[in-house]
Engineer: 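Have a look at this one.
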Amino acid sequence: MPVNSLTAKEITKKVINKEPFFILDVRNEEAFRDWKIEGENIQSLNIPYFDLLDGVEEMLDQVPADKEVLVVCAKEGSSIMVADMLSEAGRTVSYLKGGMKVWSEHLEPVKVGDLKDGGELYQFVRIGKGCLSYMIVSNGEAALIDSTRMSDVYTDFVQEIGAKITHVFDTHLHADHISGGRKIAETTNATYWLPPKDAQDVTFDYQPLEEGQDVTIGNTTIKIHPLYSPGHTIGSTSFIVDDSYLLSGDILFIDSIGRPDLAGLAEDWVRDLRETLYTRYKELSDDLIVLPAHFMIMEELNDDGSVSEKLGTLFEKNHGLNIEDEAAFREMVTGNLPPQPNAYQEIRETNMGKVEPDEEKQREMEIGPNRCAIR
């Protein structure tokens, strides 16, 4: 039977549509435990490639004959060889084109909504990494927020919709992924904005993003209100867009809250984190739609693949927003920290402009799950 290849975009659609399928992951056990393709109706089996060199006969009974089978590996090659063996054994099988390396980099654009005075807000879902970036479009101009290093996706998208990127923002200095903001700003001649308290060690010029500033996108004057909201980093800044959306960066997620330790200052920043979440955000309208910079689990995705929720609903349901005792909050935050992101210090230095790793090195630095949240 023929072996088909499926792209990361095709797999993303299956995950969003909650289609049932079976994954045979042939990476090593440690890589599989650390990070894998997940979804509501996905079954996964991990058998390292080296255990299958002599054939697949002994494990055939573990692979369903009545379901679509997808074989995945790190870069593609091993999955093709295993898929061929399964096909020869009579199974209907496909492999992930480009492997988990490509899965980590795929961005899926989803329209979040229309803006009041004309224009649209788009969310770019990096489903294999949990990163979320945003594009605000109005009258032919676009603002980009928390972009990833896959810059071509954004520049191709604005060309398709007939717009031009005029402003690029980072809500904070990222530690889990390499920002594409500075590169995109240079390519498009856009203004690059960064919170100055996060930018003390950067090696490049930027426009300081400070509370009280408005930035107009297009002729319809869509206002972006920065809201200083420290806690994840000392400079973390939120945006209120169109009086309807709260872009919360890595401070507040749908099912979790941001971690304060990626600069080694958890004890110092936990009070800032609590003040942002329990005081500053509490003063905002419950009707604001929260749009975070990351998601942690697939259950946070809406039916259309977007990630969002009303602020009032999060104050009701998000555990991190409902710890009344400050000491208990401090213990939850500092005593419940997940493993730090892979190469996070190198990623920070890259985003400061101190080092310039090549593309393959950047891919290696980012491999793995989102680890910006505390749940």
Side-chain angles (χ1 to χ4, degrees), residues 6-23 25 34-44 68 70 72 96 100 102-114 120-136 145-148 150 153-154 157 171 174 176-177 241 244-259 288-321 338 341 366-375:
L6 291 177
T7 65
K9 185 174 185 66
E10 289 171 321
I11 299 300
T12 297
K13 291 295 186 184
K14 288 179 179 292
V15 172
I16 291 173
N17 295 333
K18 301 178 181 179
E19 296 179 26
F21 62 98
F22 184 92
I23 293 178
D25 192 318
D34 187 46
W35 173 60
K36 56 184 178 291
I37 298 175
E38 298 179 277
E40 186 171 318
N41 293 311
I42 294 176
Q43 288 180 274
S44 295
E68 181 179 2
L70 176 72
V72 304
L96 173 59
M100 293 297 286
V102 169
W103 178 250
S104 172
E105 296 179 343
H106 177 68
L107 294 174
E108 186 70 22
V110 181
K111 184 177 177 180
V112 174
D114 294 311
E120 303 85 35
L121 176 55
Y122 295 92
Q123 183 181 72
F124 289 76
V125 182
R126 189 176 177 184
I127 195 165
K129 181 72 176 172
C131 301
L132 301 168
S133 47
Y134 297 90
M135 185 180 289
I136 301 158
I145 300 173
D146 286 334
S147 59
T148 70
M150 281 72 76
V153 176
Y154 308 105
F157 188 81
T171 57
H174 297 280
D176 78 306
H177 73 274
V241 178
S244 300
Y245 300 97
L246 172 62
L247 274 65
S248 58
D250 280 350
I251 286 290
L252 176 61
F253 308 116
I254 304 305
D255 194 54
S256 53
I257 61 175
R259 62 189 297 170
L288 286 174
I289 302 298
V290 175
L291 298 171
H294 284 92
F295 67 94
M296 188 175 180
I297 55 175
M298 287 296 176
E299 286 76 9
E300 294 176 70
L301 268 65
N302 299 321
D303 288 342
D304 64 354
S306 67
V307 179
S308 65
E309 185 54 272
K310 283 190 175 183
L311 182 59
T313 301
L314 296 187
F315 273 115
E316 292 176 7
K317 297 182 177 181
N318 188 317
H319 172 67
L321 296 179
E366 288 191 338
I367 285 292
N370 159 37
R371 288 178 174 148
C372 281
I374 298 170
R375 183 170 179 257

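All residue numbers refer to positions in the sequence shown, counting from 1.
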Engineer: Are Ile127 and Met298 close enough that some pair of their side-chain heavy atoms sits under 4.5 Å apart?
Structural biologist: yes

Engineer: Below 4.5 Å, heavy atoms only, C-beta onward: do Leu132 and Leu291 meet side chain to side chain?
Structural biologist: no

Engineer: Got more than 12 heavy atoms from elsewhere within 6.0 Å of NZ, Lys9?
Structural biologist: yes

Engineer: Enter the distance from His294:NE2 to Asp176:CG here, rounded to the nearest 0.5 Å.
Structural biologist: 3.5 Å

Engineer: Verify side chain to side chain contact (heavy atoms under 4.5 Å, CB included) between Val102 and Leu96, making sure each step is shown before the conclusion.
Structural biologist: CA-CA 9 Å; Val102 169; Leu96 173 59; 6.0 Å; no

Engineer: Looking at residues at least two apart in the chain, or sitting in another chain, which of them share a salt bridge (Lys or Arg N to Asp or Glu O under 4.0 Å) with Asp114?
Structural biologist: Lys111

Engineer: With sequence neighbours excluded, tell me which residues meet salt bridge (Lys or Arg N to Asp or Glu O under 4.0 Å) with Glu19.
Structural biologist: Lys14

Engineer: Rounded to the nearest 0.5 Å, what separation is found between the CD1 atom of Ile367 and the CG atom of Asp34?
Structural biologist: 10.0 Å

Engineer: Given 3.5 Å as the limit, does a donor-acceptor pair link the side chain of Asn318 with the main chain of Ile257, or not?
Structural biologist: no

Engineer: Show the nearest heavy-atom pair for residues Ile16 and Asp303, with the distance to one decimal.
Structural biologist: CG2-O, 3.6 Å

Engineer: I'd like to check Ile42 versus Val15 (side-chain heavy atoms, cut-off strictly below 4.5 Å). Are they in contact?
Structural biologist: yes

Engineer: Out of curiosity, Ile11 CD1 to Glu108 CD, how far, rounded to the nearest 0.5 Å?
Structural biologist: 12.0 Å

Engineer: Does some side-chain heavy atom of Tyr154 sit less than 4.5 Å from a side-chain heavy atom of Leu107?
Structural biologist: yes

Engineer: Of the non-hydrogen atoms in Met296 and Ser256, which two are nearest, and what is the gap between them?
Structural biologist: SD-OG, 4.0 Å

Engineer: Would Ser44 and Asp25 count as having a side-chain donor-acceptor pair, cut-off 3.5 Å?
Structural biologist: no

Engineer: What pair of heavy atoms forms the shortest contact from Lys310 to Val290, and how long is it?
Structural biologist: C-CG2, 4.5 Å

Engineer: Output yes when a side-chain donor or acceptor of Tyr134 lies under 3.5 Å from a complementary backbone atom of Pro292, and no otherwise.
Structural biologist: yes

Engineer: Between Tyr245 and Gly113, what is the shortest heavy-atom contact and its length?
Structural biologist: OH-CA, 3.8 Å

Engineer: Quick check: do Arg126 and Ser104 have side-chain heavy atoms less than 4.5 Å from each other?
Structural biologist: yes

Engineer: Restricting to non-hydrogen atoms, name the atom on Ser308 and the atom on Asn302 that form the minimum distance, rounded to 0.1 Å.
Structural biologist: OG-ND2, 3.1 Å

Engineer: Locate the shortest heavy-atom distance separating Asp146 from His174; write the atom from each residue and the value.
Structural biologist: OD1-NE2, 2.9 Å

Engineer: Ignoring hydrogens and geometry, is there a side-chain-to-backbone donor-acceptor pair from Ser248 to Ile251 under 3.5 Å?
Structural biologist: no

Engineer: In the structure I gave you, are the side-chain heavy atoms of Trp35 and Met100 within less than 4.5 Å of one another anywhere?
Structural biologist: yes

Engineer: Kindly indicate whether the side chain of Asp250, heavy atoms from C-beta on, has any atom under 4.5 Å from the side chain of Thr171.
Structural biologist: no

Engineer: Which value, rounded to the nearest 0.5 Å, describes the distance between Met150 atom CE and Ser133 atom OG?
Structural biologist: 8.5 Å

Engineer: In Å and rounded to the nearest 0.5 Å, what is the NZ to CH2 distance from Lys129 to Trp103?
Structural biologist: 14.0 Å

Engineer: Side-chain contact, heavy-atom cut-off 4.5 Å: Met135 with Leu121?
Structural biologist: no

Engineer: Go through the structure and list residues passing ring-ring contact (aromatic ring centres under 6.0 Å, His included) with Phe295, not counting sequence neighbours.
Structural biologist: none

Engineer: Which distance, rounded to the nearest 0.5 Å, do you find between the NE2 of His106 and the OG1 of Thr12?
Structural biologist: 4.0 Å

